[in-house]
Amino acid sequence: MTGISETATAATAAPADDATPPFRYTAELANEIELRWQGYWERHGTFHTPNPVGPLSDGYDAVPGEKAYILDMFPYPSGAGLHVGHPLGYIGTDVLGRFLRMTGRNVLHTVGYDAFGLPAEQYAVRTGTHPRTTTEANVEHYRKQLRRLGFAHDPRRSVATTDPEFFRWTQWIFLQVFNSWFDAEANGGVGKARPIAELEAEFAAGARPTPSEKTWGELTFAEQQKIIAGYRLTYIDEAPVNWCPGLGTVLSNEEVTAEGTSEIGNFPVFRRNLRQWMMRITAYADRLVDDLDRLDWPESVKSMQRNWIGRSTGAQVTFRLDGTKEYDDVSGDTPSIEVYTTRPDTLFGATYMVLAPENPLVNRIVAASWPNGTKDVWTGGAATPAEAVAAYRFAASRKSDLDRQESRDKTGVFTGAYAINPVNGARLPVFIADYVLMGYGTGAIMAVPAQDERDWDFAKAFDLPIIRTVQPPDDHDLDTAFTGDGPAINSANDDISLNGLGVADAKARIIDWLQDKGFGTPQVQYKLRDWLFSRQRYWGEPFPIVYDENDVAIPLPDEYLPLELPEVENYSPQSFDPQDADSTPVPPLARATEWGTVTLDLGDGPKTYRRELNVMPQWAGSCWYELRYLDPTNENAFCDPDVERYWMGPRDDAAPAGVKDPGGVDLYVGGVEHAVLHLLYSRFWHKVLYDLGYVSSEEPFRRLFNQGYIQAYAYTDERGFYVPAEEVTEEAPGEFRYQGKKVHREYGKMGKSLNNVVTPDAMCENYGADTFRMYEMAMGPLDVSRPWQTKDAIGSLRYLQRLWRVVVDEQTGDAVVTDEPADPETRKLLHRTIDGVRTDFANMNYNTAIAKLIMLVNHVTKAGGRVSREVAEPLVLMTAPLAPHIAEELWQRLGHDASLARGPFPEADPVLIKVDEVEYPIQVAGKVRSHVTVAADADAASIEQAALADPRIVELLAGAAPRKVVVVPGRMVSVVP
RNA sequence: GCCCCCGUAGCCCAAUCGGCAGAGGCAGGCGACUUAAACUCGCCACAGUGUGGGUUCGAGUCCCACCGGGGGCACCA
């Protein structure tokens with residue numbers, strides 16, 4: 001925890017002094033007004049949003065219009081508190097929510113806290129403070145900071161994932177997932193989750209055969225459960241996982257960077273086989289990809305998810321090994337190699353094969369000695385294939401993922417074995433090489449160097465033949481592979497010819513043939529792996545699972561929820577040397593020895609059970625929090641189905657034509673960094689809940705918007721130390737000084753270590769929350785990143801001061817508007833402004849809305865004299881979503897008793913927006929030469945006539961008839977001489 | 001290496017379907033107010049749209065190439 005107001009602030013609004021008029025809108029006055037109205041809103045429950053049914057339904061009958069569910073990605077409450085970058089999205093959603101509420105919508109908007117997580121735990125490890133203590137203090141601090149900004153949040157709906165009343169349902173949902181399996185046949189092959197009980201019934205009835213000799217009834221409970229575990233949507237598996245000794249925990253694939261380090265802390269991550277909880281997210285891979293098309297999301301996020309799921313279609317093909325070697329060591333069968341390929345059309349061009357070094361098949365196929373025809377480069381210098389393979393495997397095992405990436409040079413050794421190409425009987429030498437990964441496909445490939453760059457490189461390095469089976473275009477560099485489309489060549493046997501076919505047709509033809517002959521089948525592959533769900537940490541949700549004497553995982557019955565964390569002496573997972581790949585995780589809960597075993601009566605008398613000692617990852621709570629906001633006090637369900645249907649249910653009119661609306665939150669705003677973590681996990685959980693009938697929406701977030709980041713300049717002195725950014729001055733363009741000395745400017749994040757943090761607290765103190773909100777929205781469109789410049793905020797303060805003076809006399813504090821009507825010009829401007837501001841707000845174009853408001857204020861200010869109420873009131877109302885406190889204050893001073901939170905919002909008179917005359921620019925030879933003013937409803941012919949009659953144009957044409965005249969009604973006239 | 005997004009005034013940003021490059025703000029200059037300064041108010045100036053081609057009557061906007069910035073992916077067969 002740090003002090004938040006220690007930041008020095010050089011540029012601030014000038015303080016009020018004796019010379020300042022007594023009722024000027026200064027920072028001091030703004031602060032007084034803001035605190036007062038925040039108190040008012042809280043006392044009156046102004047932003048309590050009614051549900052259609054249930055305990056929060058008070059006031060629902062008075063709701064005038066449609067609902068709108070607006071959501072921010074909830075924050076992790078860190079000890080450092082907020083800086084000015086954090087609230088950007090929250091202000092954006094607040095402005096929209098306030099605007100919609102003023103126009104009659106029932107707006108649900110609140111904020112909660114993603115409060116389980118590593119920092120509080122690491123702080124606990126260092127200081128012994130319970131993570132709950134730290135977390136609750138941080139949440140309190142965040143609440144205060146956010147409250148000060150005047151958000152129209154429903155405070156009753158704010159939850160924290162660490163509340164037992166919240167994680168009780170996180171655990172409950174986990175159990176629903178545990179008690180479900182994915183029936184891929186269901187729903188016309190789309191597949192859906194179904195209760196495990198239905199699966200057990202199928203086994204028991206014999207409708208589904210057991211994978212053993214015995215019938216279901218003959219199997220023991222433990223044996224049955226072992227079979228069932230292979231179906232559950234969450235299950236324990238011994239599998240290669242990402243073990244991060246530096247953090248003392250395992251991590252999901254999504255939490256590991258491409259460099260093979262942990263996303264948090266940047267520690268090395270190692271692949272280890274460990275027993276861990278997994279979530280069968282891969283069962284949903286198709287739906288997760290396909291349903292992206294139904295979402296109103298940024299294309300970049302969609303493409304990141306598509307990429308992560310990595311669906312590809314191709315074929316699995318069987319290559320028989322050349323049967324000259326004795327393979328009767330195990331089964332007597334001649335082994336074969338299964339490969340996955342997306343290019344079965346290139347089968348005729350396969351010239352060798354590669355197994356991943358870790359592929360278990362390697363042991364069986366290694367030849368006793370180098371066969372005839374073995375080239376020197378294939379042997380790795382070893383005397384026998386076995387030696388070469390052993391040496392290569394050893395070397396490969398020593399390479400980290402990072403090492404593998406650093407060099408793309410192709411390495412490998414020959415196994416001494418040959419496989420037979422099913423399409424032409426060619427003998428293909430089988431290699432092992434680390435460019436083939438065990439974790440994808442079958443861990444084996446057919447290599448087609450002519451149509452694959454990697455295979456090309458390997459073939460060149462190992463002197464292997466290259467056969468082109470797709471005709472490259474004439475301009476193709478013949479020293480490279482050709483991976484594009486083209487007619488097949490060299491691709492025929494006695495039975496089938498692909499020659500002349502394009503890639504797609506050739507694929508279809510050969511797959512049919514392979515299937516016909518029993519050599520292969522069509523196959524879909526995914527990069528997505530199951531989600532590793534357990535963590536060796538303390539500060540997370542405990543699994544509601546116990547184990548019986550046979551190690552069978554038993555779900556805790558509902559009445560045992562929430563299962564709370566035990567008190568422990570020491571919060572740290574066992575700590576390890578970050579480089580120690582062979583260490584083994586030990587969860588902190590293992591220290592709670594009494595808690596770890598428990599005697600329960602789960603139906604067959606009291607028995608002793610062992611508890612699960614891992615906890616859930618931080619993503620668990622954020623997988624469903626948007627549902628809890630809807631019905632936060634419900635003790636019987638995570639959310640009432642009627643409430644969910646009202647706020648998130650699918651609606652025909654919410655999707656573009658031809659798209660079946662999946663439902664979900666109407667607008668979800670947050671940073672792009674969650675593109676494949678939170679946003680993929682929560683979609684998965686939501687789909688399970690949908691399949692099980694708990695929610696009516698198929699997707700959690702119908703529309704997603706990524707806000708930009710507020711970045712900041714940082715300055716280093718000649719020693720390289722960061723100096724306080726707020727005290728740096730620009731002496732000349734590009735020349736920056738701190739205390740007279742030159743400093744060097746950098747651009748990037750805002751952070752304590754860069755000495756450039758500006759807090760919302762400081763902005764409120766020096767300008768007021770309304771100015772701060774206004775400035776953040778005026779800086780540019782919400783989705784664009786921009787640099788923070790504290791001094792620029794003065795412009796927003798000036799606007800609010802002018803608005804204030806429109807209503808209030810700075811000397812007396814009295815309202816000064818007149819009841820005289822506005823002059824026609826002002827009235828027209830007003831209605832054009834209303835029209836534009838409405839559109840801009842609805843599209844979240846706040847910067848342009850602000851520009852229009854400033855124009856109107858400047859217009860009436862410039863005119864001098866008292867401003868008509870007819871203009872002043874709409875101005876105040878239109879400013880309200882952006883700067884709600886001053887707007888409430890002025891609204892009251894204009895004589896209104898009620899809050900403006902529910903409107904009215906001004907409406908533009910269509911008659912007044914209409915223009916009756918249009919000034920057309922006239923271009924001659926593409927250059928603007930003159931202007932002519934014509935009635936707005938004039939037809940093209942009369943516009944042309946007027947333009948050609950213009951003296952300047954007559955002069956330019958000098959009597960010649962124009963070759964062509966282009967008239968764009970409402971726009972311009974172009975004359976081609 | 002591949003893919004995506006963005007380059008408009010000193011700075012942050014506007015500019016419907018391709019139709020007069022400027023809405024707004026900051027900074028700057030001049031002036032009013034002030035004993036003075038700050039605040040406030042008024043007025044003013046400032047770019048031809050990263051570069052080079054192309055399409056068009058007309059290009060900031062569309063197409064191609066390149067340069068600069070940001071992001072994603074990176075042996076996924």
Side-chain angles (χ1 to χ4, degrees), chain A residues 13-17 19-21 24 26 258 298-301 303-304 307-308 310 312 314 339-343 346 354 404-405 407-408 410 433-437 439-448 451-455 457-458 525-527 672-673 675-676 708-709 711 730 732-734 747 774-775 778-781 783-799 801-802 805 810 836 839 845 847-855 858 861-862 919-931 962-966 968 970-977:
Chain A
D17 59 26
T20 310
R24 168 154 298 170
T26 58
E299 264 320 306
S300 61
V301 176
S303 93
M304 277 188 252
N307 211 301
W308 187 260
S312 69
V339 305
Y340 171 71
T341 175
T342 56
R343 293 294 302 276
T346 64
V354 185
R404 276 198 179 192
Q405 260 176 53
S407 165
R408 299 231 158 175
K410 295 290 177 285
D434 66 3
Y435 83 95
V436 173
L437 311 174
Y440 185 78
T442 59
I445 62 159
M446 64 172 204
V448 187
Q451 274 86 228
D452 185 286
E453 283 158 19
R454 297 154 300 182
D455 296 346
D457 293 343
F458 190 90
Q525 281 288 335
Y526 306 89
K527 282 201 275 180
V672 73
E673 69 272 16
V676 286
Y709 295 101
Q711 299 190 283
E730 184 168 11
Y747 179 59
M774 194 95 184
Y775 169 55
M779 289 169 85
D783 55 353
V784 170
S785 295
R786 59 298 280 288
W788 178 262
Q789 303 267 29
T790 298
K791 62 183 171 55
D792 288 7
I794 192 74
S796 297
L797 180 63
R798 283 184 193 142
Y799 165 75
Q801 283 179 334
R802 278 177 219 180
R805 276 195 298 271
E810 285 192 328
T839 312
N845 293 328
N847 53 329
T848 52
I850 289 168
K852 292 179 173 86
L853 290 172
I854 290 174
M855 256 207 308
N858 287 352
T861 305
K862 221 170 281 183
E919 191 189 50
Y920 283 87
I922 309 169
Q923 288 181 1
V924 178
K927 289 207 169 76
V928 177
R929 296 297 191 180
S930 186
H931 291 86
R963 277 199 295 148
K964 188 175 168 189
V965 179
V966 182
V968 185
R971 288 279 169 210
M972 49 86 65
V973 180
S974 184
V975 179
V976 188

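Here is the naming used below: chain letters follow the sequence lines, and residue numbers restart at 1 for every chain. None of these values were measured; they are calculated from a predicted model.
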Is there a side chain to side chain contact (heavy atoms under 4.5 Å, CB included) between Val672(A) and Tyr709(A) once you walk through the steps? CA-CA 10 Å; Val672(A) 73; Tyr709(A) 295 101; 4.2 Å; yes

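- Among the nucleotides U40(B), C13(B), A77(B), the one closest to the side chain of Tyr340(A) is A77(B).
- What you find for Val339(A) and Met446(A) is that their closest heavy atoms are CG1-N, 3.7 Å.
- One P atom belongs to C62(B), the other to C6(B), and the distance between them is 9 Å to the nearest Å.
- The residue among Gly439(A) and Gln801(A) whose nearest nucleotide of RNA chain B lies closer to the 5′ end is Gln801(A).
- One P atom belongs to A9(B), the other to U49(B), and the distance between them is 10 Å to the nearest Å.
- In the set G25(B), C20(B), A23(B), the nucleotide with an atom closest to the side chain of Glu919(A) is C20(B).
- Nucleic acid contact for Ser303(A): none, since no nucleic acid atom lies under 4.0 Å from a heavy atom of the residue.
- With A77(B), G42(B), C20(B) as the choices, the nucleotide that has an atom nearest any side-chain atom of Thr342(A) turns out to be A77(B).
- Spacing between A21(B) and A15(B) at atom C1', rounded to whole Å, works out to 7 Å.
- One finds no side-chain N or O of Asn845(A) lying less than 4.0 angstrom from the OP1 or OP2 phosphate oxygen of C13(B).
- What separates CE of Met304(A) from P of G71(B) is a distance of 11 Å, to the nearest Å.
- In this structure, C73(B) forms a base pair with G1(B), meeting either the Watson-Crick or the G-U wobble geometry with both donor-acceptor distances under 3.5 Å.
- Closest of all the heavy-atom pairs between Ser312(A) and Tyr340(A) is OG-OH, 2.8 Å.
- For the atom pair Met774(A) CE and Ile850(A) CD1, the distance stands at 4.5 Å (nearest 0.5 Å).
- Mapping Gly780(A) and Asn858(A) onto RNA chain B by nearest heavy atom places Gly780(A) closer to the 5' end of the strand.
- Of the candidate nucleotides C13(B), A77(B), C75(B), C75(B) has the atom nearest to the side chain of Asp434(A).
- For Arg798(A), whose side chain is taken as the heavy atoms from C-beta onward, the closest listed nucleotide among C26(B), G25(B), A23(B) is C26(B).
- Nucleotide G72(B) is shown with an anti base, its glycosidic torsion being more than 90° from 0.
- Residue Arg802(A) is in sugar-phosphate contact alone, with no base atom involved, counting any heavy-atom pair closer than 4.0 Å across all strands shown.
- Within 4.0 Å (heavy atoms only), Ser300(A) reaches no atom of the nucleic acid at all.
- Of the nucleotides present, none pairs with A38(B) by Watson-Crick or G-U wobble criteria with both distances under 3.5 Å.
- Base orientation for C73(B): anti, the chi torsion being more than 90° from 0.
- Lys527(A) places its NZ atom 15 Å from the P atom of G72(B), with the value rounded to the nearest Å.
- On the C1' atoms, C41(B) is 45 Å away from G71(B), given to the nearest whole Å.
- With distances taken from any side-chain atom of Ile445(A) to the nucleotides C73(B), C75(B), A77(B), the minimum falls on A77(B).
- The C1' atoms of G70(B) and A32(B) are separated by 46 Å, rounded to the nearest whole Å.
- Here the C1' atom of nucleotide A27(B) and the NZ atom of Lys791(A) are 5 Å apart, to the nearest Å.
- Atom P of nucleotide C3(B) and atom CH2 of Trp308(A) are separated by 22 Å, given to the nearest angstrom.
- Between Tyr747(A) and Gln711(A), the side chains place a donor N or O and an acceptor N or O closer than 3.5 Å (distance only, hydrogens not considered).
- Annotation for Ala675(A) and Met304(A): closest pair CB-SD, 3.7 Å, computed over non-hydrogen atoms.
- The gap from the C1' atom of G50(B) to that of U16(B) amounts to 26 Å, rounded to the nearest Å.
- Within the shown strands, nothing qualifies as a pairing partner of U8(B) under the Watson-Crick or G-U definition with both distances less than 3.5 Å.
- Summarising the local packing, CD of Glu453(A) is surrounded by 12 or fewer heavy atoms from other residues, nucleotides or ligands at distances under 6.0 Å.
- The residue Asp455(A) sits apart from the nucleic acid: no heavy atom pair falls under 4.0 Å.
- Base pairing of C20(B) is not made with any nucleotide, judged by Watson-Crick or G-U wobble geometry with both donor-acceptor distances under 3.5 Å.
- Spacing between atom CG of Asp792(A) and atom P of C13(B) amounts to 11 Å, rounded to whole angstrom units.
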Sort me out a list of protein N/O and nucleotides 56-61 of chain B N/O pairs below 3.5 Å, or just none if empty.
| from | atom 1 | to | atom 2 | distance (Å) |
| --- | --- | --- | --- | --- |
| C57(B) | O2 | Ser974(A) | OG | 2.5 |

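- Remark: Asn847(A) is in phosphate contact with A14(B), judged by side-chain N or O atoms under 4.0 Å from OP1 or OP2.
- When the nucleotides A14(B), G42(B), A77(B) are ranked by their closest atom to the side chain of Thr848(A), A14(B) comes out on top.
- A straight line from OH of Tyr526(A) to C1' of A77(B) spans 17 Å, rounded to a whole angstrom.
- Under the Watson-Crick or G-U wobble criterion, with both distances below 3.5 Å, U55(B) has no partner in any strand shown.
- The side chain of Gln789(A) lies closest to C11(B) when the candidates are C26(B), C11(B), U40(B).
- In the set C13(B), C73(B), A77(B), the nucleotide with an atom closest to the side chain of Asp452(A) is A77(B).
- Here the separation of C26(B) from G68(B), taken at their C1' atoms, is 25 Å to the nearest Å.
- Within the 4.0 angstrom heavy-atom criterion, no nucleotide atom of any strand lies near Lys852(A).
- What you find for Asp434(A) and Leu437(A) is that their closest heavy atoms are O-CD2, 4.1 Å.
- Nucleic acid contact for Thr442(A): none, since no nucleic acid atom lies under 4.0 Å from a heavy atom of the residue.
- Of all the heavy atoms in Tyr920(A) and Val968(A), the pair that sits closest is CE2-O, 3.6 Å.
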Any N/O pairs under 3.5 Å between the protein and nucleotides 16-18 of chain B? List them or say none.
none

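- Side-chain atoms of Arg24(A) never come within 3.5 Å of backbone atoms of Gln801(A) as a donor-acceptor pair (strictly under, hydrogens ignored).
- Distance from the side chain of Met779(A) is smallest for C12(B) among the nucleotides C20(B), C26(B), C12(B).
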What do the steps show when you test Thr342(A) against Gln525(A) for side chain to side chain contact (heavy atoms under 4.5 Å, CB included), and what is the final call? CA-CA 9 Å; Thr342(A) 56; Gln525(A) 281 288 335; over 6 Å; no

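- To the nearest angstrom, P of C33(B) lies 17 Å from CZ of Arg805(A).
- Across all strands, Ile854(A) comes closer than 4.0 Å only to sugar-phosphate atoms, never to a base (heavy-atom distances).
- Residues Trp788(A) and Tyr775(A) have side chains in contact (heavy-atom distance under 4.5 Å, counting atoms from C-beta outward).
- Minimum heavy-atom separation, His931(A) to Ile922(A): C-CD1, 4.2 Å.
- To the nearest angstrom, P of C11(B) lies 13 Å from OH of Tyr747(A).
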